Amino acid sequence: MMINKIQRLDANDPLAHKRKEFILPNDTIYLDGNSLGALTYASAERLKTVVHHQWGQDLIGGWNCHDWIGLPQRTGEKIAPLLGAERGQVVVCDSVSVNLYKVLITALNMRPDRGKVLSEQGNFPTDLYMAQGIQALLGEDRCQLLSVPSDHLEQALDDDIAVLMLTHINFRSGRIHDMQRLTQLAHDKGILVVWDLAHSAGAVPLELDKWEVDFAVGCGYKYLNGGPGAPAFIYAAHRHHSKVSQPLSGWMGHANPFAFSDDYQAAQGIKQFLTGTPSILALAALDAALIVFDDVDMQQLRDKSIKLAELFLELKNEHPTLNELTLASPADSQDRGSQLSFSHPHAHAICQALIDAGVIPDFRAPDIVRFGFTPLYLRYAEIGQAIERLNEIMKDKRYLNAKYQQKKTVT
Ligand SMILES: *Cc1c(COP(=O)(O)O)cnc(C)c1O
């Protein structure tokens with residue numbers, strides 16, 4: 001019965017044809033595209049071209065003849081539709097952490113009479129760390145980080161808060177915030193919002209313009225498949241462009257970098273959020289990877305993401321041994337992003353044993369095994385196989401083997 005159902009799901013999958021745009025190792029079921037997206041043929045080809053033909057042949061001329069200098073904005077324009085953003089509001093540069101620093105200080109500067117940044121406990125560490133660093137730099141009068149439990153956020157929105165800084169989809173649980181509602185509630189109190197979209201961009205439909213988001217940042221190497229350490233993006237709403245100043249005032253954000261003037265004068269528009277010289281190889285890989293989204297309807301992608309996770313849960317429930325793994329994500333698919341997390345005292349070892357069995361999830365301290373679902377390159381049949389292998393590992397307790405107890409630097 002179940003096998004028929006899985007075959008039917010794959011046969012009727014409107015995104016099935018996307019898989020051939022990715023280079024994936026044989027005999028591997030990749031459930032970690034939420035940490036590092038898979039390689040696209042487009043990126044592999046583009047890198048070859050940029051290295052051999054552009055850099056190799058055109059040398060410094062590439063900045064003009066291949067418009068390398070315009071790439072941060074061009075790539076930003078490819079990401080914009082995935083965010084529900086009109087043109088001119090997204091630029092690609094730096095890392096999420098550095099971009100958070102830029103937009104957080106920018107937003108604080110727009111609320112000089114307030115000094116608090118509201119966030120939530122259990123937010124992604126770098127978000128909290130960056131705010132803590134800004135607090136140490138500016139002093140508590142100008143920046144004081146308040147982290148409250150997620151269900152206290154709404155009542156904590158007070159008129160002494162300058163900025164609400166949240167991650168849309170929680171990295172540990174996958175819980176999804178109602179971005180439109182929280183943005184509206186924050187605005188009602190005169191609070192600006194900064195959203196971290198690391199687990200959202202390329203995974204769920206977004207409407208940043210419609211929801212009147214002020215600033216957002218997001219990741220290039222997760223669901224956008226830009227490659228390890230791919231540059232991140234910044235979204236800044238049009239209405240703020242003429243009123244802001246960002247703190248990392250490097251020459252790439254200057255109105256006229258090649259005038260080499262001694263004094264900083266910010267560029268107009270989204271370009272003012274740039275800082276230094278972009279890494280063209282890294283940007284080119286991300287720019288090419290975004291081509292796979294050209295013909296993708298984000299609602300269709302979201303539907304498949306939910307179906308993949310629902311199938312995972314349904315199959316898991318057929319195996320009593322798997323009851324040991326406790327769901328740590330919201331049970332309702334509408335309330336979570338493109339992942340399922342489970343807690344187990346041996347989560348790390350289970351993860352290692354699964355990787356050995358050809359299924360790649362990841363581990364998040366202290367006790368979470370995280371399965372990411374990437375609708376562009378996963379088949380329903382792979383969910384079935386992943387559950388079978390997980391069941392074997394749990395049944396024979398293979399994960400207790402000493403070789404699975406050793407933690408590596410990156411989990
Ligand atoms: C992955 C991730 C980041 C990554 O930040 P970098 O500075 O690019 O390393 C930031 N925030 C969240 C919520 C993430 O999941």
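Every number for a ligand or one of its atoms is a count from 1 in the order of the listing. Only a predicted model underlies this, so the values are computations on that prediction, with no experimental measurement involved.
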Salt bridge flag under 4.0 Å for residues Glu382 and Arg379: no

Residues that Asp362 engages under side-chain hydrogen bond (donor to acceptor under 3.5 Å, both in side chains), provided they are two or more places apart: Ser35, Arg370

Parallel, tilted or perpendicular, as decided by the 30° and 60° cut-offs, for the rings of His344 and His346: tilted

Geometric class of the Tyr377/Tyr30 ring pair [parallel <30°, tilted 30-60°, perpendicular >60°]: parallel

Pairs involving residues 279-300, ordered by first then second residue, that meet ring-ring contact (aromatic ring centres under 6.0 Å, His included) (sequence neighbours left out): none

Proximal protein residues to ligand 1, non-hydrogen atoms under 4.0 angstrom: Ser95, Val96, Ser97, Phe124, Thr126, Asp127, Thr167, Asp196, Ala198, His199, Tyr221, Lys222

Partners passing ring-ring contact (aromatic ring centres under 6.0 Å, His included) against His177 (at least two apart in sequence or in another chain): none

